[in-house]
Amino acid sequence: MSDAPASPCVGVCRLDAAGALCLGCYRTLGEIGRWSGADAAEREAIAAAANRRREQRAD
């Protein structure tokens, strides 16, 4: 999977109050679980969704 994006994990694994979102990488628990088996397209989609969440929280 050399064309797949690198994991957005930043090594800061802390869940939000609902226990559904990592506040380090902004992936949901489901996205984190799917990452290792995801193809390049799904990884890109997961990374894009995480980036949108990160930007929304920064506003």
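Here CD1 of I46 is found 7.5 Å from OG1 of T28. Values are rounded to the nearest 0.5 Å. The OH atom of Y26 sits 11.0 Å away from atom CD of E55, with the distance rounded to the nearest 0.5 Å.
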Quiz: residues 13-24 side-chain donor-acceptor pairs under 3.5 angstrom, not counting sequence neighbours:
from, atom 1, to, atom 2, distance (Å)
D16, OD1, A18, N, 3.4
D16, OD1, G19, N, 2.9
D16, OD1, A20, N, 2.9
D16, OD1, L21, N, 3.2

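What you find for C25 and A50 is that their closest heavy atoms are O-CB, 3.4 Å. R27 approaches R53 most closely through the heavy-atom pair CA-NH1, 3.9 Å.
A donor-acceptor pair under 3.5 Å links the side-chain atoms of R43 to the main chain of W35, judged by distance alone.
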